[in-house]
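Read through the structure below, which is laid out as structure tokens, and then see the notes.
Naming: A, B, ... by sequence-line order, numbering from 1 per chain.
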Amino acid sequence: MSINIQHRSANHLVVFDFETTGLSPDMGDRAIEIGAVLIEDGKITDRFQQVMNPGIRIPLFIENLTGITNAMVKDARKNDFVMGDFYEFIAGHNLVAHNASFDERFLRAEFRRIKKYFSGGIVCSLLAARRIFQAAPNHQLVTLASYKNLPNDGVYHRALADAEVTAHLWLSMLDELHHQHGQPSPNFDFMFRLTKTPKHQLHKLYQKQTGKEFV
DNA sequence: TGCCAGGCCCTCTTTAGGGCCTT
């Protein structure tokens with residue numbers, strides 16, 4: 001299994017978010033909605049959103065949390081077809097998600113069912129935000145949206161709405177790195193390295209990128 | 001009906017524990 005960041009554009013990426021029946025695909029949980037936005041050169045240029053029928057019952061807790069009900073997915077397309085479309089949507093792009101370890105587990109589990117494999121890079125906006133916005137009260141998506149006054153329609157726990165807010169968070173972090181930390185052209189590759197760098201070594205990463213003393 | 005996981009990160013750490021995040 002190799003990660004193919006170098007073969008993908010550093011300035012084109014897809015921000016995605018799943019709503020699911022629970023926390024663990026290994027325990028039988030399934031995706032019930034996928035939402036995503038395409039960012040090209042700092043602008044949202046395309047969107048993807050579909051509710052899907054997972055073939056298992058959605059717990060009441062999840063119905064209340066997301067507003068996605070068993071009745072809503074009853075006549076929706078099944079996961080295999082929706083995930084096939086999503087595979088085409090993300091083709092050739094790197095990915096971003098908030099708390100990406102969660103969404104990546106579901107992405108790989110759903111793709112495995114249709115014999116697909118994603119070989120690009122995935123960056124976690126939560127890990128990036130913990131490094132870039134260290135003074136935030138916490139790093140939940142809703143808190144960061146308020147903290148940075150990000151555009152949002154007040155809807156949370158729906159896939160496209162969360163992906164949109166995460167996309168604005170991503171652009172806000174690139175702006176912060178450029179203007180506050182002097183990074184010349186922060187992009188996916190830099191953010192990937194940022195999230196892999198221990199917090200106490202961040203100053204070395206910043207220095208390496210700019211050649212200047214980090215303040 | 002109600003429950004489930006896992007990676008990161010900090011610290012009173014590394015022979016560990018617990019909070020933060022995601023649904």
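Taking the side chain as every heavy atom from C-beta outward, Leu194(A) and Leu202(A) approach each other to under 4.5 Å. Between Glu176(A) and Lys148(A) there is a side-chain heavy-atom pair separated by less than 4.5 Å. Looking at heavy atoms from C-beta onward, Leu177(A) lies in side-chain contact with Ile132(A) at the 4.5 angstrom threshold. In this structure, Ile58(A) and Ile32(A) have side chains that are in contact, with non-hydrogen atoms separated by less than 4.5 Å. Counting only heavy atoms from C-beta outward, the side chains of Glu110(A) and Ile34(A) never approach each other to under 4.5 Å.
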Listed pairs under 3.5 Å, donor-acceptor, residues 158-169 of chain A side chains, sequence neighbours left out:
from: Arg158(A); atom 1: NE; to: Glu33(A); atom 2: OE1; distance (Å): 3.0
from: Arg158(A); atom 1: NE; to: Glu33(A); atom 2: OE2; distance (Å): 3.3
from: Arg158(A); atom 1: NH2; to: Glu33(A); atom 2: OE2; distance (Å): 2.8
from: Asp162(A); atom 1: OD1; to: His157(A); atom 2: N; distance (Å): 3.2
from: Asp162(A); atom 1: OD2; to: His157(A); atom 2: N; distance (Å): 3.2
from: Glu164(A); atom 1: OE1; to: Arg47(A); atom 2: NH2; distance (Å): 3.3
from: Glu164(A); atom 1: OE2; to: Arg47(A); atom 2: NE; distance (Å): 2.5
from: Glu164(A); atom 1: OE2; to: Arg47(A); atom 2: NH2; distance (Å): 3.4
from: Thr166(A); atom 1: OG1; to: Asp162(A); atom 2: O; distance (Å): 2.8

Donor-acceptor pairs are to be reported for all side-chain atoms of residues 80-92 of chain A against protein atoms at under 3.5 Å, with residues two or more places apart or in another chain.
from: Asp85(A); atom 1: OD2; to: Arg77(A); atom 2: NH1; distance (Å): 2.8
from: Asp85(A); atom 1: OD2; to: Arg77(A); atom 2: NH2; distance (Å): 3.2

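With both ends at atom C1', the span from dC9(B) to dC3(B) equals 27 Å, rounded to whole Å. Nucleotides dT15(B) and dG19(B) are separated by 22 Å at their C1' atoms, to the nearest Å. Across the P atoms, dC12(B) and dG7(B) are found 25 Å apart, a figure rounded to whole Å. For the P atom pair drawn from dG18(B) and dG2(B), the interatomic distance equals 27 Å after rounding to whole Å. Nucleotides dG6(B) and dT1(B) place their P atoms 26 Å apart, quoted to the nearest Å. Taking atom C1' in both dC10(B) and dT23(B), the straight-line distance is 25 Å, to the nearest Å.
When heavy atoms are screened at a 4.0 angstrom cut-off, Asn64(A) is found touching no nucleic acid atom at all.
Judged by the 6.0 Å distance and 45° axis criteria, Lys116(A) is not positioned over the aromatic ring of Phe118(A).
Interface residues of residues 14-23 of chain A facing DNA chain B, ordered by number: Asp17(A), Phe18(A), Glu19(A), Thr20(A), Gly22(A), Leu23(A); criterion, heavy-atom separation under 4.0 Å. Taken residue by residue, residues 131-143 of chain A places heavy atoms nearer than 4.0 Å to DNA chain B at Arg131(A), Asn138(A), His139(A), Gln140(A), Leu141(A). Non-hydrogen atoms lying under 4.0 Å from DNA chain B are contributed by nothing in residues 67-83 of chain A.
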Criterion side-chain contact (heavy atoms from CB on, under 4.5 Å) on Phe190(A) and Leu205(A), from CA distance to verdict: CA-CA 9 Å; Phe190(A) 181 79; Leu205(A) 178 68; 3.9 Å; yes
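Here the NE2 atom belonging to His181(A) is positioned 11.5 Å from the CE atom belonging to Met173(A), to the nearest 0.5 angstrom.
With no hydrogens or angles considered, a side-chain donor-acceptor pair links Asn138(A) and Thr143(A) at under 3.5 Å. Checking Asp29(A) against Ser24(A) by side-chain atom types alone, no donor-acceptor pair falls below 3.5 Å. If you check the side chains of Thr66(A) and Glu19(A), you find no donor sitting under 3.5 Å from an acceptor.
The residue among Lys196(A) and Leu126(A) whose nearest nucleotide of DNA chain B is located toward the 5' end is Lys196(A).
Scanning DNA chain B 5' to 3' for nucleotides with an atom closer than 4.0 angstrom to a non-hydrogen atom of chain A gives a first and last hit of dC4(B) to dT23(B).
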